[in-house]
> 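This is the structure I have questions about; it appears just below.
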Amino acid sequence: MYARTVVASTTALLGTAALALFPARAAGGDTPPLVVAHRGASGYAPENTLPAADRAAELGVDWVENDVQRTRDGELVVLHDVSLARTTDVEEVFPGRSPWKVRDFTAAEIARLDAGSWFGPAFAGTRVPTLEQFLRRLERHDQKLLLEIKNPRLYPGIEGETLQALDNEGWLDRAHLRNRLVVQSFSTDSVRTVHELEPAVRTGFIGKPPVKDLPAYADFADQINPPHASLSSGYVTVARGFRGPHGKPLKVLAWTVDDAAAARRAAGLGVDGIISNKPDVVRDAVGG
């Protein structure tokens with residue numbers, strides 16, 4: 001609470017100029033930032049699929065990020081886009097169903113789609129996984145999950161349904177809650193809802209709130225996860241001066257970083273984690 005008060009007072013007095021007064025943690029002086037496989041190791045396998053999670057495990061990457069949406073009949077599936085068109089063969093299988101939105105298809109229909117051929121012939125026949133299937137694959141590898149609730153405005157009630165699915169698969173027990181699960185979203189309301197429904201779950205907000213708003217975010221978010229190009233050392237350090245709902249300093253995870261130079265820059269800013277399609281490249285660059 002003391003740290004929150006000091007930082008909040010300083011930024012209130014000096015405005016954005018206060019950011020320059022907070023140097024980043026010395027690069028290489030602390031534990032390297034954790035590395036998160038974005039949509040699985042999606043530089044090497046089709047995003048948000050079981051092979052992408054498998055590839056992350058093969059690379060020795062513990063943390064995997066994914067995206068969750070809901071089908072017409074209420075199944076939670078792991079897919080990034082609102083439309084199925086980019087990453088599946090839905091236009092061929094269901095040619096008359098444009099614009100091929102996830103919420104307009106049943107789980108059984110989506111299960112028919114090829115979600116791998118677009119990436120490469122070696123992945124032909126890969127399916128869109130359900131959240132249940134994805135959780136079980138991560139559990140098999142003893143991996144950790146940064147779960148994004150995607151487009152929650154399209155799916156009223158998805159926060160509670162996601163938490164129920166996590167609970168059904170044992171992901172809300174003490175061990176998972178302690179160090180294996182974070183739920184995030186671009187939606188402030190969605191993150192707040194998750195926190196209110198299950199206060200023990202660690203949460204993240206995707207974006208870069210103004211410094212003046214960080215105290216409010218710290219009431220319900222444990223992480224602030226901005227795009228890497230938007231970050232400065234000052235912002236990172238000020239953010240980390242606030243304590244989140246579980247009493248620990250806010251963490252800052254930067255996305256999406258796929259080359260060594262950008263990874264080293266992000267690490268030098270003092271971020272706690274780096275989200276990458278090529279997590280091995282980032283890990284090798286920052287020594288994680």
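Not measured: the values here are computed from a predicted model.
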> Using a 4.5 Å cut-off on heavy atoms from C-beta on, say whether the side chain of F220 contacts that of T188.
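Result yes, sub-4.5 Å side-chain heavy-atom pair found.
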> Write down the atom of P99, the atom of S83, and the distance for their closest heavy-atom approach.
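Of all heavy-atom pairs spanning P99 and S83, the closest is O-OG, 3.0 Å.
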> Of all heavy-atom pairs between R127 and A115, which one has the smallest distance, and what is that distance?
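The answer is C-CB, 3.9 Å.
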> When you look at L135 and L166, which way does the side-chain contact (heavy atoms from CB on, under 4.5 Å) test go after all the steps?
CA-CA 8 Å; L135 291 171; L166 289 164; 3.8 Å; yes
> For Y44, does the six-membered ring have the charged nitrogen or CZ of R55 within the cation-pi criterion, i.e. under 6.0 angstrom from the centroid and within 45° of the normal?
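Checked: cation-pi criterion met.
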> Enter the distance from I206:CD1 to E65:CD here, rounded to the nearest 0.5 Å.
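The CD atom of E65 is 7.0 Å from CD1 of I206, to the nearest 0.5 Å.
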> Please examine the side chains of R72 and D104, heavy atoms only from C-beta on, and report whether any two atoms are closer than 4.5 Å.
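The answer is no, as the side chains (C-beta and beyond) never meet within the 4.5 Å cut-off.
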> Return the minimal non-hydrogen interatomic distance between P46 and A52, and the atom names on each side.
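Shortest heavy-atom contact: O-CB, 3.3 Å.
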> Heavy-atom distance under 4.5 Å between the side chains of S187 and R153, does that happen here?
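Result no, sub-4.5 Å side-chain heavy-atom pair not found.
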> Name the orientation class of the two ring planes belonging to F119 and F123 (parallel below 30°, tilted from 30 to 60°, perpendicular beyond 60°).
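Judged by the thresholds at 30° and 60°, the geometry between F119 and F123 is perpendicular.
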> State, without any angle test, whether D73 and T71 hold a side-chain donor-acceptor pair at a distance under 3.5 Å.
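There is such a pair between these side chains.
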> Pick one: which of L147, L50, T49 meets side chain to side chain contact (heavy atoms under 4.5 Å, CB included) with F134?
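The single option meeting the side chain to side chain contact (heavy atoms under 4.5 Å, CB included) with F134 is L50.
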> Go through V201 and L172 one step at a time and tell me if the side-chain contact (heavy atoms from CB on, under 4.5 Å) criterion holds.
CA-CA 8 Å; V201 172; L172 296 187; 3.8 Å; yes
> About how many Å separate CZ of R240 and NZ of K248, when rounded to the nearest 0.5 Å?
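Interatomic distance, K248 NZ to R240 CZ, rounded to 0.5 Å: 12.5 Å.
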> Compute whether any side-chain donor of one residue and acceptor of the other, for N48 and H80, lie under 3.5 angstrom apart.
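Absent: no donor and acceptor within the cut-off.
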> With side-chain contact (heavy atoms from CB on, under 4.5 Å) as the criterion, how do L269 and Y235 come out once you've worked through the C-alpha distance, each side chain's angles and the decisive distance to 0.1 Å?
CA-CA 9 Å; L269 297 178; Y235 185 90; over 6 Å; no
> Of all heavy-atom pairs between V182 and G204, which one has the smallest distance, and what is that distance?
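So the two residues come closest at CG1-N, 4.0 Å.
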> Transitively linked via ILVMFWY side-chain contacts under 4.5 Å: L146 with I274?
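No.
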> Could you give me the CA-CA distance, side-chain angles and deciding distance for R180 and D142, then say whether salt bridge (charged side-chain N to carboxylate O under 4.0 Å, His left out) is met?
CA-CA 9 Å; R180 290 188 60 190; D142 197 29; 3.4 Å; yes
> Hey, quick one: are W255 and V286 part of the same hydrophobic cluster, counting side-chain heavy atoms closer than 4.5 Å, chains of contacts allowed?
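In one cluster: no.
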> State, with a plain yes or no, whether a side-chain heavy atom of N151 is found less than 4.5 Å away from one of Q69.
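The answer is yes, as the side chains (C-beta and beyond) meet within the 4.5 Å cut-off.
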> Given side chains that start at C-beta, do those of R243 and P249 come closer than 4.5 Å, heavy atoms only?
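Yes; the side chains approach each other to less than 4.5 Å.
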> Going hydrophobic residue to hydrophobic residue with side-chain gaps under 4.5 angstrom, can you get from W100 over to V102?
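Yes.
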> Mind checking the NE2-CZ spacing from H195 to R202? Nearest 0.5 Å is all I need.
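H195 NE2 to R202 CZ: 14.0 Å, rounded to 0.5 Å.
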> How long is the straight-line distance from CG of D173 back to CH2 of W171, given to the nearest 0.5 Å?
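Separation between the atoms: 9.5 Å.
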> Within a reach of under 6.0 Å around NZ of K144, are more than 12 heavy atoms found that belong to other residues, nucleotides or ligands?
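Buried by this count: over 12 neighbours within 6.0 Å.
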> Is it possible for you to say whether L253 and V271 belong to one hydrophobic cluster, with membership spreading through side-chain heavy-atom contacts below 4.5 Å?
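As far as the 4.5 Å side-chain criterion goes, V271 and L253 are not connected within one cluster.
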> Any link between V282 and L59 through a network of hydrophobic side chains (Ile, Leu, Val, Met, Phe, Trp, Tyr) touching at under 4.5 Å?
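No.
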> So which of V77, L84, L113, V128 actually passes side chain to side chain contact (heavy atoms under 4.5 Å, CB included) with F105?
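Going through V77, L84, L113, V128 one by one, the side chain to side chain contact (heavy atoms under 4.5 Å, CB included) with F105 is satisfied by L84 alone.
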> Using a strict threshold of under 4.0 Å (side-chain N to carboxylate O), is an ion pair present between D219 and R192?
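Judged by the 4.0 Å cut-off on N to carboxylate O distance, R192 and D219 do not form a salt bridge.
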> So do R137 and D54 actually touch side chain to side chain, heavy atoms under 4.5 Å?
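SC-SC contact between D54 and R137 confirmed.
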> So, taking the atom named OG1 in T88 and the one named CG in D114, what distance separates them when rounded to the nearest 0.5 Å?
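These two atoms lie 8.0 Å from each other.
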> Would you name the heavy atoms of A254 and H228 that are closest together and state the gap between them?
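Looking at all heavy atoms of both residues, the closest pair is CB-CB, 3.8 Å.
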> Does P156 reach the side chain of R70, with side-chain heavy atoms less than 4.5 Å apart?
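Yes; the side chains approach each other to less than 4.5 Å.
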> Over 60° means perpendicular and under 30° means parallel, so tell me whether Y217 and F205 are parallel, tilted or perpendicular.
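If you compare the ring of Y217 with that of F205, the planes turn out tilted.
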> Between K101, R97, R103, which is the residue that forms a salt bridge (charged side-chain N to carboxylate O under 4.0 Å, His left out) with E109?
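Of K101, R97, R103, salt bridge (charged side-chain N to carboxylate O under 4.0 Å, His left out) with E109 is met by R97 alone.
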> Using salt bridge (charged side-chain N to carboxylate O under 4.0 Å, His left out) as the criterion, point out the one residue from R39, K150, R86 that pairs with D81.
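Result: among R39, K150, R86, R86 is the only option passing the salt bridge (charged side-chain N to carboxylate O under 4.0 Å, His left out) with D81.
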> Specify the closest pair of heavy atoms between A221 and V191, including all atoms of both residues, with the distance to one decimal.
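Answer, listing the atom of A221 first, then V191: CB-CG1, 4.3 Å.
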> Does the pair L34 and D272 meet the rule for a side-chain contact (heavy atoms from CB on, under 4.5 Å), with working shown?
CA-CA 6 Å; L34 65 87; D272 299 280; 5.8 Å; no
> Atom CD in E148, atom OG1 in T162: separation rounded to 0.5 Å?
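Reported to 0.5 Å precision, the distance equals 11.0 Å.
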